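Naming: A, B, ... by sequence-line order, numbering from 1 per chain. Keep in mind the model is a prediction, meaning the values are calculated, not measured.
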2 protein chains.
Amino acid sequence: MLTISQLAAYAGVTVRAVRHYHQVGLLPEPERDRSGYRSYDAAAVVRLIRIRTLADAGVPLARVQELLDAGPEEFAEGVRTIDTNLRAEIRRLQGTRKRLARLAAGEHLALPGSVVGYLDRLRGLGVVERYIEMERDAWIMIAAQVPHLIDFVIAKKHEQLDDPDMVKLYSFFRGALDWPADDPRVVEVADIVERLMMRAVEAGEVGALGLDDQFVDLLDSTMVQSSPAAERLVAILEERGWRGWTRVERVPAERLHTGLPPT
Amino acid sequence: MLTISQLAAYAGVTVRAVRHYHQVGLLPEPERDRSGYRSYDAAAVVRLIRIRTLADAGVPLARVQELLDAGPEEFAEGVRTIDTNLRAEIRRLQGTRKRLARLAAGEHLALPGSVVGYLDRLRGLGVVERYIEMERDAWIMIAAQVPHLIDFVIAKKHEQLDDPDMVKLYSFFRGALDWPADDPRVVEVADIVERLMMRAVEAGEVGALGLDDQFVDLLDSTMVQSSPAAERLVAILEERGWRGWTRVERVPAERLHTGLPPT
DNA sequence: TCGAGGGTTGCCCCGGCGTCAAGGTCAAGC
DNA sequence: GCTTGACCTTGACGCCGGGGCAACCCTCGA
């Protein structure tokens, strides 16, 4: 006969665990010897190893109980389910490994791939990292608010970037953050933006993304505060009858939306 | 800005979990709007997704805290460790799947492969299943008591089975369980056993496996009670000066051990 | 104006043991 | 025979990562 520690060691569990199984009724209490020690037979070994095999597979002890006391067909059915779950868990862990590797590589897991690709395109245009980071944060917020629209919106932005005027506008973010407010080039940029806005209105691109007003204000104020030149740019446009940036309005009447302009 | 449910949904966690992270200080409490609602920014999204990536990898929240607040090299080192653990966990689960399949197939996980092979050899000799089951239980107990010796002992048993006399002895368990006690063949078997024991003594095979006396008694009594013929066999041997079965003694003096005879 | 569907805090609950605490038993060595 | 140290016993509390629920507040659309 076996002592509890022999039993436990052979099955690869702790003595504490075996007693726990007694407590919850999963393993029947065996006979005791005259000193009160539990004394186990082969059936206990077999049952304990079955318990551990199932428990190692992540099966809750209560379910282990049911399975071991069930008929062979219910048992087989249960094991199939467990194995399916195990496979799923293995795949989940493999996915986690990939995400972990991306995290370690400094990738931005908070953004869908489409947005990352878009930001890379901006980087390719020479846009400074400071601006990219602002825009990235904005996209994170947008993706969180309207995740189902994000790929569609990004596709729109890519289309816009095919317009040379839009590329010129982005060149504003290549060095313009350092321009003084009275730099004459700011006026040139304003002209470009106005042309873009007119075209957007003509194309009927007056969508509402469903972003809340507060957030739009936040994006606009981030833009305005990013540099004196940016502040000036927005002021010029407002003089010409365009209010806002993220969501542009023609003052006083029509509410326009350019399909989500930069920050 | 995001509400807690937008944040939670985007990161794929529950609202409850986000609040839990606030409680344990893992995610800083954000600003509140005028109605007291939490209001999240992009940094919170990034942090939450990092938390989840690590937590999904099985990292305890306290360790997640340390990692996220650590320098890049400590972070990288930590991630390496986590990934190693993940790989180990995946391998563990794959092993569990195999064991589960064996369990479902009705295999005896409680026995090392060497013993299973030995029992199969007995089956091949035509030994009846009733006896095999008795012997299997005995081997489970032996394996549990002296796991480090089991393969060695089984190798010995295989050697013994190369002896034609031993094969004849096992043929006893092919039908002899049904023999009457006064069957003359029992005496023949006793002769065979005696020859085997003599040879074991000559070969100096007088080992002590370290099995406890109680257990040896149990095995012997199981043997004796298995059939009238078995009882008779043991009685004959005792008359001739051999006591015991599992651990044989030459009466009155030398204590012999045959290298673990059957049951 | 009202109800549905958010949000808030606070507290208890779970599984699967680990970890004491406070003793009893047993074999071995002196 | 006595001590030592390794084992055994029961019982109670601790741990993690939240889930669930109560009871209330806030906001928005019909």
- Of all heavy-atom pairs linking Tyr10(B) and Leu111(A), the shortest is OH-CA, 4.1 Å

- Item | NZ/NE/NH1/NH2 to OD/OE distance under 4.0 Å, Arg47(A) and Asp69(A) | yes

- Arg50(B), CZ atom: more than 12 neighbouring heavy atoms under 6.0 Å: no

- Can you give one letter per nucleotide of nucleotides 8-19 of chain D, going 5' to 3': B for a protein heavy atom under 4.0 Å from the base, S for sugar-phosphate only, - for none? SBB-B----BBB

- Task: For residues Pro30(A) and Ser39(A), report the shortest heavy-atom separation together with the two atoms involved.
- Result: CB-O, 3.4 Å

- Query: Between Tyr40(A) and His22(A), how do the two ring planes meet: parallel, tilted or perpendicular, split at 30° and 60°?
  - Reply: parallel

- Task: Could I get the full list of side chain to side chain contact (heavy atoms under 4.5 Å, CB included) partners for Glu107(B), not counting sequence neighbours?
- Result: Arg102(B)

- Out of Thr14(A), Val15(A), Val18(A), which residue meets the side chain to side chain contact (heavy atoms under 4.5 Å, CB included) rule with Ser5(A)? Val15(A)

- Item | Where Glu74(B) and Leu67(B) come nearest, the two heavy atoms and their spacing | O-CD2, 4.1 Å

- Write down the atom of Val13(A), the atom of Ala17(A), and the distance for their closest heavy-atom approach. CB-CB, 4.3 Å

- Item | Working for side chain to side chain contact (heavy atoms under 4.5 Å, CB included), residues Ile140(A) and Val46(B) | CA-CA 8 Å; Ile140(A) 288 173; Val46(B) 169; 3.6 Å; yes

- Message: Reading DNA chain C from 5' to 3', where do the contacts with chain A start and stop? Cut-off is 4.0 Å to heavy atoms.
- Response: dG16(C) to dC26(C)

- Message: Please give me every residue in residues 79-90 of chain A whose heavy atoms get under 4.0 Å of an atom in DNA chain C, ordered by residue number.
- Response: none

- Query: How sharply is the helix from dT1(C)-dA30(D) to dC30(C)-dG1(D) bent, taking the axes over five pairs at either end and rounding to 10 degrees?
  - Reply: 0°

- Item | Glu73(B), CD atom: more than 12 neighbouring heavy atoms under 6.0 Å | yes

- Query: Can you list the residues that meet the ring pair (Phe, Tyr, Trp, His ring centres under 6.0 Å) rule with His108(A), with sequence neighbours excluded?
  - Reply: none

